Number of protein chains: 4
Amino acid sequence: MTASARALRSDAARNRESLLAAAEEVFAERGVEASVADIARRAGVAKGTVFRHFASKEDLIASLVCDHLITLTDAAHRLADAGDPGAALLEFLTIAADQRRQHDLTYLLTYSANDARVTTIRDEVHAGVETLVANARAAGAIRPDVTGTDVFLLMCAPVHVMDGLSDPPPDLWRRYLAIIFDGLRPQGATALPLPAPELS
Amino acid sequence: MTASARALRSDAARNRESLLAAAEEVFAERGVEASVADIARRAGVAKGTVFRHFASKEDLIASLVCDHLITLTDAAHRLADAGDPGAALLEFLTIAADQRRQHDLTYLLTYSANDARVTTIRDEVHAGVETLVANARAAGAIRPDVTGTDVFLLMCAPVHVMDGLSDPPPDLWRRYLAIIFDGLRPQGATALPLPAPELS
Amino acid sequence: MTASARALRSDAARNRESLLAAAEEVFAERGVEASVADIARRAGVAKGTVFRHFASKEDLIASLVCDHLITLTDAAHRLADAGDPGAALLEFLTIAADQRRQHDLTYLLTYSANDARVTTIRDEVHAGVETLVANARAAGAIRPDVTGTDVFLLMCAPVHVMDGLSDPPPDLWRRYLAIIFDGLRPQGATALPLPAPELS
Amino acid sequence: MTASARALRSDAARNRESLLAAAEEVFAERGVEASVADIARRAGVAKGTVFRHFASKEDLIASLVCDHLITLTDAAHRLADAGDPGAALLEFLTIAADQRRQHDLTYLLTYSANDARVTTIRDEVHAGVETLVANARAAGAIRPDVTGTDVFLLMCAPVHVMDGLSDPPPDLWRRYLAIIFDGLRPQGATALPLPAPELS
DNA sequence: GATGAATGAGAGTTCATTCAT
DNA sequence: CATGAATGAACTCTCATTCAT
């Protein structure tokens, strides 16, 4: 009984993972408008099974987003005590951009901005970024007038820039991350016209 | 006769403008998936009227995008002979970001990337940016390894950054434009890891 | 004043005729589902003008059908006193089938079966056919058990048969009229299984 | 498991049949322009269910037509070896006309003439008729100048003739089948004015 | 009388979601 | 637990008809 229960559970867990992976692929290909049926088909399960694992399509997206954000909090924690705070911040931003299909993450994040779990983890990521930025600023690696919230907001920009191209080189974001990061350095910084925002 | 013909036309023209304005607002609020019915309601006309003015939802979006892009080609032409090429480029990027509700332009541009009119005007904007960038580079106002295509792609980033905030100060993009523009300056520039892309 | 009034009237009459002609063409090409806009365009007038001349699309169709039916009553009257009643009936059926685009007449007749004018003229045609059939029967040209209503109903069959072909020779109906008419002849006639219907 | 699967399938199958039956009725009453909503209502299911069973309205119509045509190929095969070829042909035509609501088949066949399935089965029916006609001709039961294609095209005429009546006796087609079949007999045949067509 | 812009009901179709099996 | 049939609201788009000009 426990054996079969466990088997079921592991089956269910496998299905959940298949669904998340399938969703990521399908959203990457077709955008958020991709249908639940598409995702179920890709995962090799029936449509109804999607709703056994996720309360709604929104919930599925939120779970997807959370998974991505958790890897970011992990990275932020790991890099918080790094020797070179400037390099640590740059590495964090590189990791953030380097998540496959992050392309969608932007859309999906917007889509699930009201989800409680997403908000929570997003705040944790934000806190992690705040720490990395504080460290980097203290070390003189980035300009003093830039806040953690600024960097948090700029995080997705390098990937988003690629949306202007229909078939971009997959690593092109590295170029724009470099440019933007140069804008965060103290060298050649000009006065900023507006105060930094608070993360609502 | 011409008077009455003009009267009709001016009424129709007013409707057309209402529709474009309404579409801009509604797309800004709900994204591209906003329905034609929403747009009609906001414009205060019947659903069918939308299709009298625009062959399809796609066509409406393309028209919207074209309107925006045309103001950009105008600005680029006007600024091409400015005395201070660096200031001219910055002003152009300011104008580009300062278009009300540009927020959407990015999504909408992606959505209508295959429209012939949009492609044409987009290429003109690109050419204009190329000129402004060449001038600025020649004047030493921006780093030599940055191309017109780079700037064209980065153009929307300051506004897009605000997507991370649910209720941002409306001028916040100025802050991020300043940061990104600092990244384009020669001071403190680091080597870029990838070559600049071609605009497909 | 009378001059201009007359001019207007003749203009209006011309428009009416253009519209009927255009409608016939367009219905022939696209079927009854052809739009009023199509018809107006073909006639070179505005959509609103259609509704000045015809109360509704149904009314336009009914007018079209009436025009066709009137040529049939004319033919029936003309042939009522012909020397050879059998030949007269055959000629009438030939005329009935030979109306260009009669193909649609069938559909259109069904479509406007409830229109008062159509019903009236249809009854006149029926009466005319009744006479021609009575004459032919009296002359022994057609079998005695066939009524005017039978022939009236069979009238459209030769043209309708061609619907089974996507690109039929335009005169093919002549072949099927000949076959059906042979079925009306006394030679080789077998007993009919049901009594003739009344025209409702 | 197979039992429940079968149960589901039988429910679904019932719905499919309800839909086909409802479609047949509704098309008979209102013509091809009858809406999918009407059909769903008649079948007692939701609109969406129609599209679960049929990819499109066109597909539904094609399925309907195919169902009808299949009973005809069956009949043709069964009758191909009959002792009396003339009687066999007449029986085939009787079966063809006796399909409930065949009334529509003509319209619907035209509507779905481009559907691959329909084309295939229609060709099989044609081939079957060709055989029956060849047999009947060899036996001297029908005139030598009439082809299988002729009979194939005339097949629907008896039913179609009834369109001229708003409330015809349901068996009235038998009367017109008899008349038309008399036209196919060798007795009293007159020379046909045009060659027989090829089925495109 | 003629125009064509506006209307709004209704078409076919899609899809997230529910639920009997 | 999984299935997939059923649902019905929402979507884009069409069109006969009205009416101000």
Side-chain angles (χ1 to χ4, degrees), chain A residues 4-5 7-9 11-12 15 33-40 45-58 60, chain B residues 1 3-16 33-38 40 44-58 60, chain C residues 4-5 7-9 11-12 15 33-40 45-60, chain D residues 1 3-16 33-40 44-58 60:
Chain A
S4 84
L8 281 174
R9 268 191 198 158
D11 250 38
N15 267 347
E33 304 106 27
S35 78
V36 171
D38 283 339
I39 294 168
V45 303
K47 226 180 349 178
T49 304
V50 179
F51 292 93
R52 177 159 303 278
H53 288 286
F54 305 96
S56 65
K57 189 186 179 183
E58 271 206 334
L60 165 59
Chain B
M1 274 248 179
S4 82
R6 250 178 231 149
L8 273 177
R9 271 195 197 146
S10 82
D11 252 37
R14 214 194 315 279
N15 264 341
R16 206 191 124 96
E33 301 105 24
S35 80
V36 171
D38 284 339
V45 302
K47 223 173 6 169
T49 304
V50 179
F51 294 96
R52 160 159 296 279
H53 289 282
F54 305 97
S56 64
K57 188 186 177 183
E58 273 206 335
L60 165 58
Chain C
S4 85
L8 280 175
R9 269 193 197 157
D11 249 38
N15 268 346
E33 302 106 26
S35 78
V36 172
D38 284 339
I39 294 167
V45 302
K47 225 178 353 174
T49 304
V50 179
F51 291 93
R52 177 159 304 279
H53 288 286
F54 304 97
S56 65
K57 188 185 178 183
E58 273 205 333
D59 181 48
L60 164 58
Chain D
M1 275 243 179
S4 82
R6 250 178 229 147
L8 274 177
R9 273 199 193 138
S10 82
D11 253 38
R14 214 193 315 277
N15 264 340
R16 205 192 126 96
E33 302 105 26
S35 78
V36 172
D38 285 340
I39 294 168
V45 302
K47 223 174 5 170
T49 303
V50 180
F51 293 95
R52 158 159 299 280
H53 289 282
F54 305 96
S56 63
K57 188 185 176 183
E58 271 206 335
L60 164 59

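Quick caveat, the model's predicted, so the values are computed rather than measured. Below, read A as the first sequence line, B as the second, and so on, with proteins coming before strands; counting in each chain starts at 1.
- Residues C:Phe54 and C:Asp59 share a closest heavy-atom pair of CA-OD2, 3.3 Å.
- Residue D:Thr49 is classed as a base contact, given a heavy-atom separation below 4.0 Å to a base.
- Protein atom NZ of C:Lys47 is 9 Å distant from nucleotide atom P of E:dA5, rounded to whole Å.
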Item to complete: Let me have DNA chain F in dot-bracket notation, would you? Count Watson-Crick plus G-U wobble pairs, both distances under 3.5 Å, and use [ ] for pairs crossing earlier ones and | for inter-strand partners.
Response: .||||||||||||||||||||
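- Under the rule for a side-chain contact (heavy atoms from CB on, under 4.5 Å), the partners of D:Ala46 that lie at least two apart in sequence or sit in another chain are D:Thr49.
- Atom-to-atom distance recorded for B:Glu33:CD and B:Asp38:CG is 11.5 Å, nearest 0.5 angstrom.
- Distance check: B:Lys47 NZ to B:Ser35 OG gives 8.5 Å after rounding to the nearest 0.5 Å.
- In the set F:dT7, E:dT3, E:dT7, F:dT7 carries the atom at the smallest distance from any side-chain atom of D:Val45.
- Interatomic distance, CG of C:Leu60 versus NE2 of C:His53, reported as 11.0 Å (0.5 Å rounding).
- Applying the 6.0 Å contact sphere to CD of B:Glu58 captures no more than 12 heavy atoms from other residues, nucleotides or ligands.
- For the pair A:Glu33 CD and F:dC11 C1', the computed distance is 13 Å after rounding to whole Å.
- Closest to the side chain of D:Ser35, from the set F:dA16, F:dC11, E:dA11, is E:dA11.
- In this structure, C:Asn15 reaches the E:dA2 phosphate: one of its side-chain N or O atoms is under 4.0 Å from OP1 or OP2.
- Among all heavy-atom pairs drawn from A:Lys57 and A:Phe51, the shortest one is N-CE2, 4.3 Å.
- C:Ala34 comes within 4.0 angstrom of sugar-phosphate atoms only, judged by non-hydrogen atoms across all strands, and of no base.
- Residues of residues 50-59 of chain C that place a heavy atom closer than 4.0 Å to DNA chain F, in numerical order, are C:Phe51, C:Ser56, C:Lys57.
- Nearer the 5' end of DNA chain E, as judged by each residue's closest nucleotide, is the contact made by C:Gly48, out of C:Gly48 and D:Gly48.
- Rounded to whole Å, atom P of F:dG8 lies 18 Å from atom CD1 of D:Ile39.
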